[in-house]
Structures are given as structure tokens and as C-alpha cells.
Asks: 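What follows is a structure written as C-alpha cells; I'll ask about it next.
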2 protein chains.
Amino acid sequence: MVGQSARQSTTPAAATGAGRPGAASAAGGWQDFSPPALRPALAAALACFMENGYHGTTIRQVATRAGLSVPGLYHHFPSKQALLVALDDEAMNELWNRSTAALADGPQSVLDRFDRLIRCLTLFHAHRGGLAFIALSEIRSLEGSARAEHIAARDRQQALLSGIIDEGVATGIFDAPHPRETSRAITTMCTGVAQWYRIDGELTPEELADRYGRLCRLTAGAAAGR
Amino acid sequence: MVGQSARQSTTPAAATGAGRPGAASAAGGWQDFSPPALRPALAAALACFMENGYHGTTIRQVATRAGLSVPGLYHHFPSKQALLVALDDEAMNELWNRSTAALADGPQSVLDRFDRLIRCLTLFHAHRGGLAFIALSEIRSLEGSARAEHIAARDRQQALLSGIIDEGVATGIFDAPHPRETSRAITTMCTGVAQWYRIDGELTPEELADRYGRLCRLTAGAAAGR
DNA sequence: GATGAAACCGAGCGAGCGCTCGGTAAAGTA
DNA sequence: TACTTTACCGAGCGCTCGCTCGGTTTCATC
């Protein structure tokens, strides 16, 4: 309940990014998750895809959930695939924006950046579990260039963490004889949060992030700390 | 290439289990992964589901891949859903049989059992990645009681690891102030192998299992060892 | 060589799919 | 008031879906 949810709502977050929520440009804003803020049709599509998957969802289900007729839905999005691509873009962009903001926001030692990135990953996958889950599990359903773009974004995102781990190994902060597997394992741990975490469960995202921060330090071969 | 792949093929594995491959009843047999041994129609369904997901796969694709006509396929399985359930059962049963065999096979200290279970989980998700991936990602597509049975099997499987971790925390072998999250994180790491590991990649499953064994010890708060 | 079971297939049924046609209603602008 | 834009919908098109009907072929057994 308490945590450090960093409510700084008096400052309108509107500087470098596109001005959309999720840009999180202000200091500390990368851990502020107030509004979901998806357009109604997208929110309906997300809910349907989470329940039945992309191919298991019909356009009529999405329309009904959005309170629209089928042609009414097609007024906002040109195809079912476009709904998926928009959700995927939203997820990948928001995670990237938050991650880069987290890395820039504070002391720049390797361990500080590691801790902030882990916190960012955990908070995102807890708060935006649905979005992250779809982006992770429906890669196969992305058609044409959208799939390649997703994979490029995922690799770029993954490089943030593995870069820090490589740095930490080079400077002796991390004891990781196989940095690639260490990085893979930590990434999997954090993204896995989207698969099981429920926002109405026992832990707040902030509490979970504290616990995962400690676990990831251990996995990376750092001192337990806090 | 070397590893400890425990080739003991002279002894026919045929004692306690149903006699099917994957029962792995002989000593050390839980880490012997020689034959995939799925019926042709199931193997075809698995390949299709991996490429396009359950709902994204048509019965005609499965039939073609199996070298059958559509009615020919229906001679072996009564429905598309039955193919998925059979694959899911195969995955859950094989993992359970191997896990219980691994726990029984050797010294019974907490750390010994932990190491063998982690090794078993990693080897399984590397060798049987396709099967494990479908069982993990298509839970939503299981209809009726099959979904509840899968979840029961998954919880039973999960309890093997969390039980050991609780034991280790109680006896002071593991330093884990939040055993449930530790258990969840380690499980996620190991099952995550099915999402990215390729059998034709740089690491053999046995090498990967060695590295993951070390990582999981760290995550659990044990001494690094080896 | 007759018999029955198992293995298989060409053709196609009814249903539901993604998507569109040709509109109407409401709101902003001149 | 006329005109444009935006937001929406009833009806339905063409297609593919999971599945089945009514067969034929293969093969072990007598």
C-alpha cells in the first residue's frame, strides 16, 4: 500500500515525449502508472485478446465489448490486425520510454542503473500486465513487417539490460561467468511477472518490485544489499 | 557436447511407469531424452500449434502436415481440441514423471534435491521445448475440465519446487525472506527456457542446465557452489 | 479366398469468420 | 439554413472453418 509510488501529478508530464501518457519524461515519472488511457476500442480488444487470444477472438466480440457495432468498430481501426499492432506498439513504446527514463533518472553507477531498470521492468509488467502479456504471447500473430519490428524493439529493449550486466561483469560488480544466460534469466523473471501477477493480489506492484530487485541482484551475482 | 547426458540405453526403461517413453523410471533415466515419440498426428499438431497457435491452426494444416486427409486425421483423434488436450497431457505427465524420478534418484539433502529438480526442469524445457511451450501458452485454449486439470497439474508441479524452497529456508540453507516470490521467479526462469532455447543453438541442454543450476542457487540465496 | 477390423479419403454441410456496402444521426462551421 | 465531417449501424457477401457422410483400400486372421 505504501511503497514509493512517486505521485508527482502536479507537474504535467509533457516535455520530450509525444505528450501522451506513458511517455514519462519528468524525473521519477517512469514509475508513475496512474492512467491506463487506451482508446475504448483498444481496451476492448486487449480484454478480448487476453481472454481468448488473437485468433480466438472475433471482431464481433471486440465490437460488443466496446459498445459498438461491427462497422462502428471498423470506423476506428481498419482491421483486426491493426488492433493487435496498435496494442503491441503501445506496449513496446511505453516500456522503452520508461526504461530509458529510468536509466537517465538518478546516480549512474552500474548497480544504481541495474536497480532502476529492474524496478522499471517489474513495475511495468505488474501495472501493465495485460498489455505486456499480449505483446509477449501474440508475436506469432503479428503479420508482415509488424513482427520484424516487434523483434527489433524487443532486442533493443533486451540490450539495455545485457549491456548493464556486461558492464557490471567487466567492473567486477557482478559475478556472472555466463552473462548471456544471466541476462536471459533475469529478463525472463521480470517479463514473467505479466503471466502470473494480479493487481488485486496480496502484493502491490511496488512491494513486488522491491522483492524482485533483491532477487535479481542475487541472480546477477551482486551482494544482496538494499 | 560432453556434459553428463547419462546414456544408459542398454537398460530398457520399462519398470514402474506405463512402459511409454518419458516414464523415465530407471535410475538417472529422468535425464535421458532420446526419443520424442509422439504419434504422427500429434507431432503434426504440435508443429502447427507452435507456428500459428491453436486457434490460428486449421485442421487442414494438421492433416496435410501429418500426410493425411481431413477424415483420415479424424480417424485418429475425434476433434481439434482432443489434439491439444493430448499434447497438454503428454507434457504435464512427462514433466511430473521426470520430476518425481529426479527427486527420488540420489542423495536426499535439500540442496541435492533442489539441484536435481532444477536440472530436471531445465533439461525438460530445453529438450521438450515445443511441448512445454504449447502446454504453457495454450492454457486459454483448453476447454471445459481440461483447463482445470491442467491448472491442478501445474500447481502440483509447482508445489514440488516451493516445498523444497520452504524446507531450505526453514533449515537455513536458503536465504529467502519471501519464499513465494523466490519460488515463482525460479519457476519462471526455468519454464522460460522453452520460450527462447533452440536445440541447434550454441549450448547443449546439459550445458544450459549446468549454468541454470548455478543461477537458481544464487536466486534462492544459497552459496554459489560448483 | 472370404471376412472383419482398421486406416484412410472425396465431397460437401452448416455455421461463423473478417470485412464492406450504403446508408443515417449528430455536431461543428459558414 | 446549407454543408461537411465525424461517428456510427443493419444487412449481408464471400470465404473458410470444424466436422461428417458414405464410401474404398489395406491387412491380419481363418
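In what follows, every heavy atom counts, from backbone to side chain, and hydrogens, waters and symmetry copies are set aside. Here the structure is a predicted model, which means the values were calculated and not measured. Sequence lines set the chain letters: A, B, ... in the order given, protein chains first and strands last, and positions in each chain run from 1.
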Asks: Nearest to the A:K80 side chain among C:dA7, D:dT20, C:dG18, which nucleotide is it?
Replies: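 The listed nucleotide nearest to A:K80's side chain is C:dG18.
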
Asks: Which whole-number value in Å describes the distance from B:Y74 OH to D:dC19 P?
Replies: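 B:Y74 atom OH is separated from D:dC19 atom P by 4 Å.
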
Asks: One thing to verify: whether A:R154 and A:E149 come together as a salt bridge, which I'm taking to mean a side-chain N less than 4.0 angstrom from a carboxylate O.
Replies: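 Salt bridge: no.
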
Asks: Just how far, in rounded Å, is C1' of C:dC19 from CD of A:Q81?
Replies: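 Distance, rounded to whole Å: 14 Å.
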
Asks: Could you give the CZ-to-C1' distance, from A:F77 to C:dT20, as a whole number of Å?
Replies: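 That distance rounds to 19 Å.
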
Asks: C:dG18 P sits how many Å from A:L83 CG, rounded?
Replies: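 Distance check: A:L83 CG to C:dG18 P gives 11 Å.
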
Asks: Which residue lies toward the 5' end of DNA chain C, A:T58 or A:P78, if each is placed at its nearest nucleotide?
Replies: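 The 5'-side residue here is A:T58.
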
Asks: Compare side-chain N and O positions of B:H76 against OP1 and OP2 of C:dC8 and report whether any pair is under 4.0 Å apart.
Replies: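 For C:dC8, OP1/OP2 do have a side-chain N/O of B:H76 under 4.0 Å.
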
Asks: Could you check how far CG of B:L84 sits from C1' of D:dG18, rounded to whole Å?
Replies: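 Rounded to the whole Å, the gap is 15 Å.
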
Asks: Looking only at side-chain atoms of A:S79, point me to the closest of D:dA7, C:dC17, C:dC19.
Replies: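 Nucleotide nearest to A:S79's side chain: C:dC19.
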
Asks: Can you identify which nucleotide, out of D:dT20, D:dG18, C:dG10, has its nearest atom closest to the B:S69 side chain?
Replies: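 Out of D:dT20, D:dG18, C:dG10, the nucleotide with an atom closest to B:S69's side chain is C:dG10.
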
Asks: Rounded off to whole Å, could you give me the NE2-to-C1' distance for the A:H75 and D:dT6 pair?
Replies: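 From A:H75 NE2 to D:dT6 C1': 5 Å.
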
Asks: Take the protein atom CD1 of A:I59 and the nucleotide atom C1' of D:dG12, then report the distance between them rounded to whole Å.
Replies: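 Going from A:I59 (CD1) to D:dG12 (C1'), I get 17 Å.
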
Asks: Choose from D:dG18, C:dC21, C:dG18 the nucleotide whose nearest atom is closest to any side-chain atom of A:P71.
Replies: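 Comparing D:dG18, C:dC21, C:dG18 against the side chain of A:P71, the answer is C:dC21.
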
Asks: Given D:dC19, C:dC19, C:dC9, which nucleotide is nearest the side-chain atoms of B:L68?
Replies: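 It is C:dC9.
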
Asks: Across the strands shown, which category fits B:L73 at heavy-atom distances under 4.0 angstrom: base, sugar-phosphate, nothing?
Replies: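 Nothing, no heavy atom under 4.0 Å.
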
Asks: Between the side-chain atoms of A:R60 and the base atoms of C:dG16, is any donor-acceptor pair under 3.5 Å?
Replies: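 Answer no: no donor N or O sits under 3.5 Å from an acceptor.
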
Asks: Is a donor from one side chain sitting under 3.5 angstrom from an acceptor on the other, for B:D32 and B:S34?
Replies: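 There is such a pair between these side chains.
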
Asks: State plainly whether the residues B:R119 and B:E206 are in salt-bridge range, i.e. N to O under 4.0 Å.
Replies: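 Salt bridge between B:R119 and B:E206, a charged N being under 4.0 Å from a carboxylate O: no.
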
Asks: Show every ring-ring contact (aromatic ring centres under 6.0 Å, His included) that has at least one partner inside residues 115-134 of chain B, sequence neighbours left out.
Replies: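 Every pair satisfying ring-ring contact (aromatic ring centres under 6.0 Å, His included) with a residue in residues 115-134 of chain B: B:F33-B:H127.
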
Asks: Can you tell whether the side chains of B:R140 and A:E138 come within less than 4.0 Å, N to carboxylate O?
Replies: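 A salt bridge is present here (some side-chain N lies under 4.0 Å from a carboxylate O).
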
